[in-house]
Enquirer: 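This is the structure, below, for whatever I ask next.
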Amino acid sequence: MEYLLPPIGTLTTSMAAMSAGVQPATIRDWVRRGILTRCGGSPKRPLYRVTDVEAARSAAKPTRNGQRGVNAA
């Protein structure tokens with residue numbers, strides 16, 4: 001069962017995906033790749049901090065030359 005209302009400042013996977021403009025599978029991929037960290041919930045229903053989702057979106061967004069993140073070499 002999905003959270004009806006997650007704690008303030010947190011998002012479910014679906015909400016995080018909507019916030020970042022990506023699919024839920026992308027959120028799960030960011031977690032697998034270490035771009036985004038869960039902040040609570042359960043293994044099947046994780047929660048993410050709003051600020052972490054925003055940071056992950058910026059880190060995962062390709063730049064003009066196709067590199068990722070600010071410090072990509």
Side-chain angles (χ1 to χ4, degrees):
M1 178 176 169
E2 188 76 17
Y3 295 94
L4 296 178
L5 201 59
I8 294 174
T10 64
L11 300 169
T12 64
T13 302
S14 298
M15 294 167 70
M18 286 178 25
S19 173
V22 298
Q23 296 294 315
T26 302
I27 298 295
R28 292 187 290 272
D29 185 53
W30 289 350
V31 171
R32 182 183 58 78
R33 293 171 39 204
I35 296 172
L36 180 62
T37 304
R38 298 174 177 138
C39 73
S42 67
K44 289 191 176 187
R45 302 285 183 235
L47 293 173
Y48 310 95
R49 287 183 191 89
V50 173
T51 54
D52 292 347
V53 173
E54 292 169 357
R57 181 176 180 234
S58 296
K61 185 176 181 180
T63 60
R64 281 201 261 186
N65 63 3
Q67 297 295 316
R68 301 214 180 249
V70 177
N71 296 325

Enquirer: Where do Ala17 and Pro24 come nearest, in terms of heavy atoms and distance?
Expert: CB-N, 3.6 Å
Enquirer: Between Met15 and Tyr48, is there a side-chain heavy-atom distance shorter than 4.5 Å?
Expert: no
Enquirer: Give me the one residue out of Thr12, Val22, Ile35 that meets side-chain contact (heavy atoms from CB on, under 4.5 Å) with Ile27.
Expert: Val22
Enquirer: Do any pairs count as a side-chain hydrogen bond (donor to acceptor under 3.5 Å, both in side chains) and have a residue in residues 16-27, sequence neighbours left out, and if so which ones?
Expert: none
Enquirer: So how far is it from Leu36 CG to Arg49 CZ, rounded to the nearest 0.5 Å?
Expert: 10.0 Å
Enquirer: For Arg38, run the side-chain contact (heavy atoms from CB on, under 4.5 Å) check against Leu47, Val31, Thr10 and tell me which one passes.
Expert: Val31
Enquirer: Quick one: pull up CG in Asp52 and CG in Leu11 and give me the separation to the nearest 0.5 Å.
Expert: 10.0 Å
